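Here the structure is a predicted model, which is why all the values come from computation and not from measurement.
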Amino acid sequence: MSGGEVAGLLVAVFWAILVSFLAVVLVRLAQVLRAATRLVTGVTERAVPLLAEASATVRSAQTQLDKVDAIATDVQEVTANASALSTTVSSAFGTPLVKVAAFGYGVRRALARRRAARDAGPPAGASRTRTTVLIARPRRGGKD
């Protein structure tokens, strides 16, 4: 064997090892790609129904928010009406009721003072005097 033949043989062996190594790498790469494809397919099969459910949930939530918004608007109107009614009742009945209450308070206080004065009696050492009031009655028939 000459030197050129040995060098050719070495190159052929080197290429055979390199091709074998690349074949193993390509086989492994093909397995990884198949596994990735299965994974993506599985994720897609699970994700599509989840996205559909999420979309339905968002639509339902939007419907509920619309209802809550309508309720909040109605509550705001009721509150405004109740405030107006309260103001009207207060202006219509408030002042007369305050006057009646003040009059009642004054009467109670006067009666309490009168009772206290009556229960205390005359001051010590003072004599009690009577006053008699005479009321004249008119005569009948106009005769004097």
Side-chain angles (χ1 to χ4, degrees), residues 1-140:
M1 275 208 239
S2 70
E5 290 177 0
V6 172
L9 185 61
L10 282 175
V11 169
V13 169
F14 174 74
W15 279 107
I17 293 172
L18 182 65
V19 167
S20 299
F21 178 74
L22 288 175
V24 169
V25 168
L26 287 176
V27 168
R28 296 275 171 106
L29 182 62
Q31 290 174 348
V32 167
L33 287 175
R34 271 188 248 122
T37 302
R38 282 192 304 266
L39 180 65
V40 168
T41 303
V43 168
T44 302
E45 288 174 356
R46 291 182 182 162
V48 169
L50 286 176
L51 289 175
E53 286 181 29
S55 177
T57 303
V58 168
R59 278 193 298 274
S60 174
Q62 181 62 39
T63 303
Q64 296 301 322
L65 285 174
D66 290 342
K67 289 178 181 178
V68 168
D69 187 39
I71 290 170
T73 302
D74 292 343
V75 167
Q76 189 176 16
E77 289 177 14
V78 168
T79 303
N81 291 340
S83 176
L85 179 63
S86 172
T87 303
T88 302
V89 168
S90 174
S91 65
F93 298 111
T95 304
L97 287 178
V98 168
K99 289 179 181 179
V100 168
F103 177 75
Y105 175 74
V107 169
R108 281 194 314 259
R109 192 163 175 185
L111 289 175
R113 283 186 181 173
R114 187 173 181 193
R115 279 191 208 118
R118 185 184 61 203
D119 292 344
S127 64
R128 196 166 181 182
T129 61
R130 273 191 179 188
T131 306
T132 304
V133 177
L134 297 175
I135 301 174
R137 292 179 23 188
R139 292 188 177 177
R140 292 185 195 182

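Atom CD of Q31 is separated from atom CG of L29 by 10.0 Å, given to the nearest 0.5 angstrom. Here the straight-line distance linking atom OG1 of T44 with atom CG of L39 works out to 9.0 Å at 0.5 Å rounding.
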Quick one: side chains of residues 73-89, donor-acceptor pairs under 3.5 Å with protein atoms, not counting sequence neighbours, listed by atom name and distance.
| residue | atom | partner | partner atom | Å |
| --- | --- | --- | --- | --- |
| T73 | OG1 | D69 | O | 2.9 |
| T79 | OG1 | V75 | O | 2.8 |
| N81 | ND2 | E77 | O | 3.4 |
| T87 | OG1 | S83 | O | 2.9 |
| T88 | OG1 | A84 | O | 2.9 |

Please list every donor-acceptor pair under 3.5 Å in which a side-chain atom of residues 52-60 meets a protein atom from a residue at least two apart or in another chain.
| residue | atom | partner | partner atom | Å |
| --- | --- | --- | --- | --- |
| S55 | OG | R59 | NH1 | 2.7 |
| T57 | OG1 | E53 | O | 2.8 |

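Under the side-chain hydrogen bond (donor to acceptor under 3.5 Å, both in side chains) criterion, D66 pairs with Q62, sequence neighbours left out.
V107 is listed as a side-chain neighbour of F103, based on a closest heavy-atom distance under 4.5 Å.
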- Item | From CA spacing to verdict: side-chain contact (heavy atoms from CB on, under 4.5 Å), V11, W15 | CA-CA 6 Å; V11 169; W15 279 107; 3.3 Å; yes
